[in-house]
There are 2 protein chains.
Amino acid sequence: MLFITYRKECDLAQHYHLRGRFWIESPQGTFLGQGRVLLLERVQELGSISAAARSMKMSYRQAWGLISQMNSHSPEPLVLSSTGGQGGGGAQLTHVGKRAIQLYHEVLIDFEAFLSQRAQTLKL
Amino acid sequence: MLFITYRKECDLAQHYHLRGRFWIESPQGTFLGQGRVLLLERVQELGSISAAARSMKMSYRQAWGLISQMNSHSPEPLVLSSTGGQGGGGAQLTHVGKRAIQLYHEVLIDFEAFLSQRAQTLKL
DNA sequence: TTGGGTTATTCCTTTTTAAGCATAACGCTA
DNA sequence: TAGCGTTATGCTTAAAAAGGAATAACCCAA
C-alpha cells in the first residue's frame, strides 16, 4: 500500500495570535497612540502629570514631552497645567483631551473586533 | 445680541491619518510582520538571503536572524538554504513560506480596508 | 588546488533611545 | 519667609538596538 504524506493544515488560531496597533498621525508625527492615551487617562484621574507618570512607571521627562507634543500638534491643547499653589500645581484635561480619549476607545473597540474576527480564519 | 462661541468640530481625516500595523505572534514572540514578509518575498525573488538583505538595505546578520527565528517558531521551516556550489549557495522558500506571504497579504487587504473605512468618521 | 560567493556565527563598535539628574520658577501653606 | 510639590527644561548618563567587521565552512568552477 502506498501512503501519500501531505502537510497537515496548521490552525494558526490555536498557537499563534493576530495582534496589531493603531495610532493617529499628524503631519509632524504620532499624535495619539496607546501610551499617550493611557497617559491622558492617568492625568485625568490623578490631576497631575508627575503622578500620572509615576503611576505608569514612566519618567516625568517623557510624560511631559508626550503631552507637550500632543498639545502642539493640536489646534487646541489637550492638557492644561498650572504651577505653584496648593499641592504644587497640577494638570487637567480640556474637553478636547477628554474627547481624544473617547475617540481612541471608540476606534479601539472596532479595531479589536476586527482582529479577533479576522484571526478566526487564519490557516497557514 | 449674545454670541455663544463653541469649538468648531475638527475633522481629523483632513489633517490626521489613522495608521496601524499587525503581526502574527507565536508564543515565543513575533512570528510574521511587515518586515519579515518583505524579506521572505525578496528571498523568493532573488534566491539568496544576502541578496535579499542587500536589496532591503538590511544587514545580512539581521536578515539571517529573522529567518532563523521564523523557521524555529514554525513546525516546518519557511526557508531552506544551502551552502557552497554554483553561486556560492542560496535559499528558497518552502511552500509554507510561500503560504505565509499569501496569508499575510490576505490579512493586509482587510486590514487596510478597515483602517481607511474607519478613518472616515474621525471627528475630534 | 585555488578562487568566488554564499551561509552561518561571534564579537565589537556605533547609533539610537530612554532614563536619570540638576535646576529654576511658581504659588499656596505654615 | 521658608518649605513643599509641581511644572518646565537642559544636560548627562545608561541601556538597548542596530550595524559592521571578522572568520570558518561549504561546494562548484576554472
Side-chain angles (χ1 to χ4, degrees), chain A residues 21 23 25 28-31 33-74 76-94 96-97, chain B residues 21 23 25 28-31 33-74 76-94 96-97:
Chain A
R21 285 209 171 180
W23 60 92
E25 275 190 13
Q28 296 98 21
T30 302
F31 173 59
Q34 169 183 278
R36 285 168 158 93
V37 169
L38 180 58
L39 180 62
L40 289 177
E41 289 173 331
R42 295 296 174 89
V43 169
Q44 181 176 34
E45 178 188 349
L46 301 170
S48 148
I49 294 176
S50 64
R54 274 196 304 273
S55 78
M56 295 173 63
K57 289 173 183 169
M58 172 186 285
S59 68
Y60 172 82
R61 188 77 182 62
Q62 184 176 7
W64 172 82
L66 291 175
I67 289 174
S68 176
Q69 267 193 7
M70 284 189 276
N71 279 345
S72 66
H73 293 180
S74 167
E76 293 185 34
L78 285 72
V79 175
L80 294 180
S81 58
S82 64
T83 172
Q86 173 182 3
Q92 57 180 352
L93 265 62
T94 63
V96 178
Chain B
R21 286 208 170 182
W23 60 93
E25 274 190 14
Q28 295 98 20
T30 300
F31 172 61
Q34 170 185 279
R36 285 168 158 92
V37 169
L38 180 58
L39 180 61
L40 289 179
E41 290 172 330
R42 295 295 173 91
V43 169
Q44 181 175 34
E45 179 187 348
L46 301 170
S48 148
I49 295 177
S50 63
R54 274 197 303 273
S55 78
M56 296 174 62
K57 289 173 183 172
M58 172 187 287
S59 69
Y60 172 83
R61 212 176 72 76
Q62 184 175 7
W64 172 82
L66 292 175
I67 289 175
S68 176
Q69 267 193 7
M70 284 189 276
N71 279 346
S72 66
H73 292 181
S74 168
E76 294 185 32
L78 284 73
V79 175
L80 293 180
S81 58
S82 63
T83 172
Q86 173 183 3
Q92 57 181 350
L93 265 61
T94 64
V96 178

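- B:E45 is linked by a salt bridge (charged side-chain N to carboxylate O under 4.0 Å, His left out) to nothing, counting only residues two or more places apart in sequence or in another chain.
- Residue pairs satisfying the side-chain hydrogen bond (donor to acceptor under 3.5 Å, both in side chains) criterion with at least one member in residues 61-72 of chain B, sequence neighbours excluded, are listed as follows: B:R36-B:Q69.
- Screening B:L40, B:L39, B:T30 for a side-chain contact (heavy atoms from CB on, under 4.5 Å) involving B:L66 leaves a single residue, B:L39.
- Note that the CD1 atom of B:I49 and the CD1 atom of B:I67 stand 4.0 Å from one another [nearest 0.5 Å].
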Evaluate side chain to side chain contact (heavy atoms under 4.5 Å, CB included) for A:M56 paired with A:L38, printing each intermediate quantity in order. CA-CA 9 Å; A:M56 295 173 63; A:L38 180 58; 3.7 Å; yes
Protein-proximity profile, nucleotides 16-27 of chain C, B/S/- by nucleotide at the 4.0 Å heavy-atom cutoff, equals ---SB----BBB
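- Sorted by first then second residue, the side-chain hydrogen bond (donor to acceptor under 3.5 Å, both in side chains) pairs that include residues 77-89 of chain A, not counting sequence neighbours, number zero.
- The two residues A:W23 and A:E25 come nearest to each other via the heavy atoms NE1-OE2, 2.9 Å.
- For residues 50-60 of chain A, the set of pairs meeting the side-chain hydrogen bond (donor to acceptor under 3.5 Å, both in side chains) definition, not counting sequence neighbours, comprises A:R42-A:S55, A:S48-A:S50.
- Backbone-only engagement by A:S82 is indicated by non-hydrogen atom pairs under 4.0 Å involving sugar-phosphate atoms exclusively.
- For residues 36-49 of chain A, proximity to DNA chain D is found at A:S48, A:I49, defined as any non-hydrogen atom under 4.0 angstrom from a strand atom.
- With a heavy-atom cut-off of 4.0 Å to chain A, the contacted part of DNA chain D has its first and last nucleotide at D:dG5 to D:dC11.
- When all heavy atoms of B:V96 and B:P77 are compared, the closest pair comes out as CB-O, 4.0 Å.
- B:Q92 meets the side chain to side chain contact (heavy atoms under 4.5 Å, CB included) test with no other residue; sequence neighbours excluded.
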